[in-house]
Amino acid sequence: MSRVPGWLGRLGAGLTEMSERYNERRAEAEREQDDPVSRTFADEQVPPPPDYAPDVAARPDPALAVPWGVRVAAEAGWRLLVLAGTVWVLMRVISAVQLVVLSFVIALLITALLQPTVARLRRHGVPLGPATALTAVLGFVVMGLIGWFVTWQVMENIDDLSGQIQDGIDELRNWLLNSPFHVTDKQINEIATNLREAVGANTDQITSAGLEGVTVVVEALTGILLSVFCTLFLLYDGKRIWQWTLKLVPAAARPGVAGAGPAAWRTLTAYVRGTVIVALIDAIFIGLGIYFLDVPMAVPLAVFIFLFAFIPLVGAVVSGALAVVVALVTQGVFTAVMTLVVVLAVQQIEGHILQPFILGRAVRVHPLAVVLSVAAGGMVAGIGGAVVAVPLVAVTNTVVGYLRSYSQKSALRHSVRPRGATAVSAEPAPDTPSQ
């Protein structure tokens with residue numbers, strides 16, 4: 001056997017001695033902790049605090065130190081920030097694909113108008129494909145004819161209208177000269193000169209607006225094609241598209257959304273159908289009124305009134321003002337006043353009789369919500385946004401109401417029913433027969 005080196009033996013002996021000393025000290029410390037006399041002596045070595053030292057209370061939990069109102073405000077605040085951020089991102093996405101979104105929404109409105117016809121043809125035994133094709137072709141042909149008729153009437157009467165407008169301007173100028181406002185010929189000439197200079201100074205902007213108009217025409221044609229394409233598929237395969245959309249909803253919320261969808265569609269259908277009927281009545285009666293007042297282009301103005309009726313409140317004001325202005329510059333002040341009376345009378349009948357009777361309870365939106373939604377839609381997406389704003393608000397109102405009612409019914413359905421004596425006391429008392 002090989003001998004162990006001397007330094008290694010000395011190292012082992014030293015480690016053994018250190019371990020024995022550590023064990024002795026640890027045993028001595030444990031004996032002192034168990035001995036009450038030594039512990040008392042150790043406590044006596046610590047001097048007590050002076051009498052003038054204040055008592056320091058224990059600090060509460062920081063969460064409990066915050067007032068309840070502040071905690072509630074903070075909890076609501078960060079949730080509102082998350083919602084605001086989500087809405088902002090959603091609006092940015094919609095703005096990026098604004099043409100696609102507007103085309104799809106317009107396709108939904110057209111589908112809501114044409115879908116009852118497809119359902120009626122289906123009930124009479126017509127297959128789905130021919131019923132969809134027939135309804136879509138007839139619907140788009142009618143819309144195209146309306147647009148062609150308005151354009152044709154405007155082009156046919158534009159020369160006569162320009163002459164009548166010039167005569168009306170001269171008549172208005174003579175009226176201002178003889179009016180009690182003391183307007184002089186020099187002031188009128190200065191106004192005309194300023195208008196000409198403004199037009200000349202903004203020639204570049206007018207030219208760029210014309211170039212932008214070409215882009216607008218291209219975008220309009222693209223939007224029309226997208227709307228036609230979406231309408232065809234919504235009419236033909238709308239049920240399967242809705243079922244596929246439901247698969248994207250979480251399973252826990254799917255039953256409520258499945259019930260809210262048909263309710264929203266009924267609201268949208270009732271809104272579109274009622275708006276078309278009301279707009280048609282407005283156009284017919286106002287058109288007849290301005291026709292008998294011998295206002296030029298009565299039929300195109302009636303079509304404009306029909307189209308502008310799809311923009312609630314604002315559209316009626318704009319179309320009525322257009323009819324009054326045409327009557328003023330072509331036929332004079334008296335005819336303009338009579339046109340204004342006709343427009344106001346028809347619109348009052350519409351607002352107080354036709355809309356409550358035709359739309360009924362299917363579409364109930366507060367006038368303040370209508371004004372704000374039209375303004376917001378116009379700011380975000382122009383005329384298209386103003387058109388789709390109110391039906392969007394009406395559908396949202398229906399969906400929120402349905403989901404609230406569904407959640408309440410679901411909570412009652414899954415609540416714990418009383419048992420035993422509690423159940424007996426909770427039962428309603430039976431009706432006693434009358435003596």
Side-chain angles (χ1 to χ4, degrees), residues 43 46-96 101 245-264 267-268 313 361-381 385 388-429:
D43 293 339
V46 179
D51 296 336
Y52 59 83
D55 295 334
V56 179
R59 294 184 178 182
D61 186 4
L64 298 177
V66 179
W68 176 254
V70 177
R71 295 175 64 183
V72 172
E75 293 283 343
W78 74 260
R79 287 175 172 83
L80 289 176
L81 287 177
V82 171
L83 288 177
T86 304
V87 172
W88 183 81
V89 172
L90 182 61
M91 295 303 297
R92 296 287 294 180
V93 173
I94 292 176
S95 300
V101 174
T245 306
L246 283 178
K247 295 179 182 179
L248 303 177
V249 181
R254 195 171 298 165
V257 176
T267 299
L268 183 62
L313 299 180
R361 294 180 177 270
V363 181
R364 176 172 290 183
V365 181
H366 196 274
L368 179 60
V370 172
V371 174
L372 294 179
S373 61
V374 169
M379 293 174 62
V380 172
V388 303
V390 176
L392 180 62
V393 171
V395 168
T396 303
N397 184 34
T398 300
V399 170
V400 171
Y402 181 88
L403 292 178
R404 185 189 302 115
S405 176
Y406 178 83
S407 63
Q408 293 175 355
K409 292 179 181 179
S410 179
L412 291 176
R413 192 182 306 115
H414 293 89
S415 60
V416 179
R417 296 183 178 181
R419 297 179 180 180
T422 306
V424 174
S425 61
E427 290 181 355

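One is the number of the first residue; the rest follow in order along the sequence. Because the structure is predicted, anything quoted here is derived from the model rather than measured.
- Here the side chain of T86 pairs a donor or acceptor atom with the backbone of V82 at under 3.5 angstrom.
- Put simply, the side chain of S407 gets close to the backbone of R404: a donor and an acceptor are under 3.5 Å apart.
- Taking both residues in full, the closest heavy atoms of K247 and R254 are given as O-NH2, 3.7 Å, listed atom of the first, atom of the second, then distance.
- Taking a 6.0 Å sphere around CZ of R92, one finds it holds 12 or fewer heavy atoms contributed by other residues, nucleotides or ligands.
- Scanning both residues, A394 and T267, for their nearest heavy atoms gives O-CG2, 4.0 Å.
- Here the closest heavy-atom approach between residue L403 and residue V257 is recorded as CD2-N, 4.2 Å.
- None of L392, V399, T398 except one satisfies the side-chain contact (heavy atoms from CB on, under 4.5 Å) rule with V395; the exception is V399.
- Summarising the geometry of Y402 relative to G256, their closest heavy-atom pair is CE2-O, 3.4 Å, with the distance given to 0.1 Å.
- Here the closest non-hydrogen pair linking A389 and S373 is CB-O, 3.1 Å.
- Under a 4.0 Å N-O distance rule, the pair R71/E75 does not qualify as a salt bridge.
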